[in-house]
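Atoms within a ligand are numbered from 1 in the order they appear, just like the ligands themselves.
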Amino acid sequence: MSDCIIAPSILSADFARLGEEVDNVLAAGADWVHFDVMDNHYVPNLTIGPMVCQALRKHGVTAPIDVHLMVSPVDRIVGDFVEAGASLISFHPEASAHVHRSVQLIRASGCKAGLVLNPATPVDVLDWVLPELDLVLLMSVNPGFGGQAFIPSALDKLRVVREKIDASGKPIRLEIDGGVKTDNIGAIAAAGADTFVAGSAIFREPRTRQAYADTIAAMRAEVAAARG
Ligand code: DX5
Ligand code: ZN
């Protein structure tokens with residue numbers, strides 16, 4: 001199993017101080033910045049777009065930016081995120097008319113590509129596209145909001161997708177998103193995840209670099225213990 005990537009979701013950051021929040025969470029040991037894009041169409045919420053991604057790059061953020069598109073259609077916005085400095089771009093198959101084409105588009109632009117499965121999306125959607133992916137993102141909540149409870153069936157799904165990835169022999173990351181906390185991240189790691197999104201568990205009061213570092217260190221310790 002590959003290393004442990006912690007990707008704080010800035011959905012729960014203080015948007016009025018976003019640059020400072022991102023600086024602090026990266027200085028606290030985060031690996032990636034998870035960037036949730038919602039369009040009030042594919043999901044019932046509206047968040048941030050390419051201009052904010054570009055603003056973080058201009059601010060000096062050099063860490064990978066992990067763009068999670070919850071938008072439909074997908075293809076039109078991909079180029080904007082590439083230009084804005086995205087590192088990885090993931091999308092939901094239900095939101096794209098041509099899943100394989102969207103993956104090709106993302107990869108041809110030089111970004112890594114991910115496919116996102118909602119809690120009720122069958123894993124079969126991976127069958128003919130998995131070798132083309134850099135990342136599979138399993139949702140453990142229904143997309144649209146931070147702070148929701150982890151849906152336990154995601155653990156079984158992680159085990160199934162972990163087997164598929166291992167059988168592929170490719171270095172595809174397995175990311176989990178939604179309701180990840182210090183007290184369940186061990187079970188999530190044991191089920192096969194290697195990349196962990198956490199929003200409300202990390203970005204909470206007192207919103208200091210030290211508090212973020214403490215949470216991230218505790219999460220890494222739980223992952224290490226679960227892996228033995
Ligand atoms: C939900 C988003 C998540 C969300 C996670 O649609 O994709 O990234 O911010 O938030 P928590 O960790 O609070 O469940
Ligand atoms: Zn997300």
### Query
Any idea which heavy atoms bring Val71 and Pro73 closest together, and the distance?
CG2-O, 3.6 Å
## Note on the structure
Chain-and-number sorted residues having a heavy-atom contact under 4.0 Å with ligand 1 are Ser9, Leu11, His34, Asp36, Met38, His68, Met70, Met139, Pro143, Gly144, Phe145, Gly146, Gly147, Asp177, Gly178, Gly179, Val197, Ala198, Gly199, Ser200
### Task
Please list all pairs passing the salt bridge (charged side-chain N to carboxylate O under 4.0 Å, His left out) test where one or both residues lie in residues 135-155, with sequence neighbours left out.
none
### Query
Which heavy-atom pair separates Ile106 from Phe91 by the least distance, and what is that distance?
CD1-CD2, 3.8 Å
## Note on the structure
Protein N/O/S atoms closer than 2.8 Å to the Zn ion (ligand 2) number 4
### Under 3.5 Å: donor-acceptor pair, side chain of Lys181, backbone of Phe150
no
## Note on the structure
Distance col, row Leu126:CG vs Leu133:CG, nearest 0.5 angstrom, shows 7.0 Å
### Query
Does Glu205 come within less than 4.0 Å of Arg207, counting only side-chain N to carboxylate O?
yes
### Query
Side-chain contact, heavy-atom cut-off 4.5 Å: Asp66 with Thr195?
no
### Query
Is the shortest distance from a Lys or Arg side-chain nitrogen in Arg220 or Asp3 to a carboxylate oxygen in the other one below 4.0 Å?
no
### Counterpart residues, side chain to side chain donor-acceptor pair (under 3.5 Å), relative to Asp14 (two or more places apart)
Arg17
